[in-house]
Participant: 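Structure provided below as structure tokens; questions to follow.
Just the heavy atoms: all of them, side chains too, but no hydrogens, waters or symmetry mates, feed the values below. Atoms within each ligand, like the ligands themselves, are counted from 1 in listed order.
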Amino acid sequence: MAKQHALQTTDERERALLAAYAMFSSQSRGRRYEEPDHPYRSAFQRDRDRIVHSAAYRRLSGKMQVFTGDMGDYHRTRLTHTQEVASIARTMGRALRLNEDLVEALALFHDIGHPPFGHAGEDALAECLAENGGFSHNQYALTLAEELETRHQSFHGLNLTREVLEGQATRVDKQSSGIQPLLEAQVVEAADSMTYDAHDVDDALKLGLVTLEEVHEQDMIRICVEIINQRGLNLGPSEYIRALIHTMVDCQVTNVLENAGPFLEQAAWISHDDVRQSDYRIGTVGELAEAKRAMEAFLYERVYRHPELIKTRERAQSQIHALFDTFVANPDPLPERFKDRIDVVGLHRSVGDYIAGMTDRFFEQQFIGFVV
Ligand code: MG
């Protein structure tokens, strides 16, 4: 009798808990360099652990999300954003009976390739490397995972499963790769946008870049206020903002689950192969999806283009150009492995890869040391 409920192996557990359309660990197409199975961790758990133990992951704590470190210590960093995405994606993944280990690995990995200074840094590096193939943080995540991170003497990279690398590859090229993302990758994508919408509103309110009155004009917030009022709670001002931010995430997760759940049930897919052949995408739908788009347009106009952020952006961009040009003119200060890499990927790319790996603070030290 007891044996029936033991669920001792990964496969037993996944067969009992996951839906047929989930990506089972036993169906993984493996790793570039073959490795024996681990006695008690699934392939995707090992991916997650490799990501968490990588230097690039740790450095996310020193990289800005939207607001720089000198603006305070309340707002999100790239690391806390990543953790919020993982938490929300796992909630949806579990509710839809997907492979939570794969969801978590993909979520923790999704922003690992962000250079210093967020999208401003990314745009600056793309300009620096315009003649040499450009720069994208999604592509750089793959470079980190396959070339720059080391965990084993006999090969470069983290040797992640093909499913995690492919999930990231669909972020690089959403259209033309011809690969439809697994549902595990789709919930991470959905969680990412819900997360930044909500935390950027929270951070912008806290930093005084937008007012509560302005935010209240947004349909997304109107929907949330209605939900909060229905609960009939008597909230103080800061409790009220917390409730608002929480409800923004909660109503979107509910919207996704209420739509994706029944859809997946009626689709009756029997394996992840069916997922790959469908153009169905998990995401918010209906009135809420429209409100979300409007909210994102508002954030773009009022927060991401706020004079305070434009100033940071312009400073970061000119500093990245300056440090890049300095290292291209004289690569001597580069660490040995980036000097060696010049022969493999060329001077410009190796300098770009080195700068992209830096935290905001380390970048500033390098800028002061070599440019100023
Ligand atoms: Mg993200």
Side-chain angles (χ1 to χ4, degrees), residues 47-48 51-52 54 56-69 74-93 100 102-123 125-126 135-145 160 164-174 181-204 220 245 248-249 252-253 256 281-284 292-293 295-297 299-300 303-304 309 312-313 316 356-360:
D47 285 344
R48 174 204 60 203
I51 293 160
V52 168
S54 69
Y57 181 80
R58 288 195 297 281
R59 289 193 186 117
L60 293 176
S61 71
K63 296 193 177 202
M64 61 176 264
Q65 177 72 16
V66 175
F67 309 104
T68 54
Y74 174 86
H75 59 263
R76 277 69 174 176
T77 65
R78 193 63 62 180
L79 180 65
T80 62
H81 160 73
T82 296
Q83 288 169 329
E84 289 184 35
V85 172
S87 155
I88 294 165
R90 281 184 54 179
T91 296
M92 289 192 284
E100 218 173 306
L102 177 56
V103 168
E104 189 180 19
L106 286 165
L108 296 179
F109 189 60
H110 89 282
D111 264 355
I112 211 165
H114 258 289
F117 306 116
H119 289 284
E122 175 168 34
D123 293 346
L125 280 173
F135 179 87
S136 106
H137 76 273
N138 284 322
Q139 180 63 48
Y140 184 64
L142 292 172
T143 305
L144 283 166
L160 301 177
V164 168
L165 295 174
E166 175 207 284
Q168 184 64 23
T170 57
R171 288 175 63 84
V172 176
D173 187 352
K174 291 194 170 70
L182 293 169
L183 293 170
E184 283 81 358
Q186 294 186 34
V187 293
V188 172
E189 195 75 22
D192 187 24
S193 85
M194 292 175 191
T195 308
Y196 60 66
D197 287 349
H199 69 44
D200 291 350
V201 171
D202 186 29
D203 291 351
M220 168 69 87
I245 304 307
M248 263 182 89
V249 174
Q252 291 184 75
V253 169
V256 163
R281 281 290 184 285
I282 286 177
T284 44
K292 183 175 167 61
R293 272 192 291 276
M295 185 86 227
E296 286 169 358
L299 281 170
Y300 181 82
V303 179
Y304 310 143
L309 263 72
T312 307
R313 182 182 176 84
M358 295 179 185
T359 60
D360 301 349

Participant: For the Mg ion (ligand 1), which N, O or S atom of H110 is at the shortest distance?
Facilitator: NE2
Participant: Given side-chain hydrogen bond (donor to acceptor under 3.5 Å, both in side chains), test D192 with H81 step by step and report yes or no.
Facilitator: CA-CA 8 Å; D192 187 24; H81 160 73; 2.9 Å; yes
Participant: Which atom, counting only N, O or S, brings D111 closest to the Mg ion (ligand 1)?
Facilitator: OD2
Participant: Below 4.5 Å, heavy atoms only, C-beta onward: do T77 and L60 meet side chain to side chain?
Facilitator: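 Counting from C-beta outward, T77 and L60 never come under 4.5 Å.
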Participant: With the Mg ion (ligand 1) as the point of reference, which N/O/S atom of D192 is the closest?
Facilitator: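 That would be atom OD1.
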Participant: Decide, yes or no, whether a salt bridge links R313 with D123 under the criterion of side-chain N to carboxylate O below 4.0 Å.
Facilitator: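 D123 and R313: salt-bridged.
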Participant: Would you call the rings of H75 and F67 parallel, tilted or perpendicular if under 30° counts as parallel and over 60° as perpendicular?
Facilitator: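 Ring orientation, 0 to 90° scale: perpendicular.
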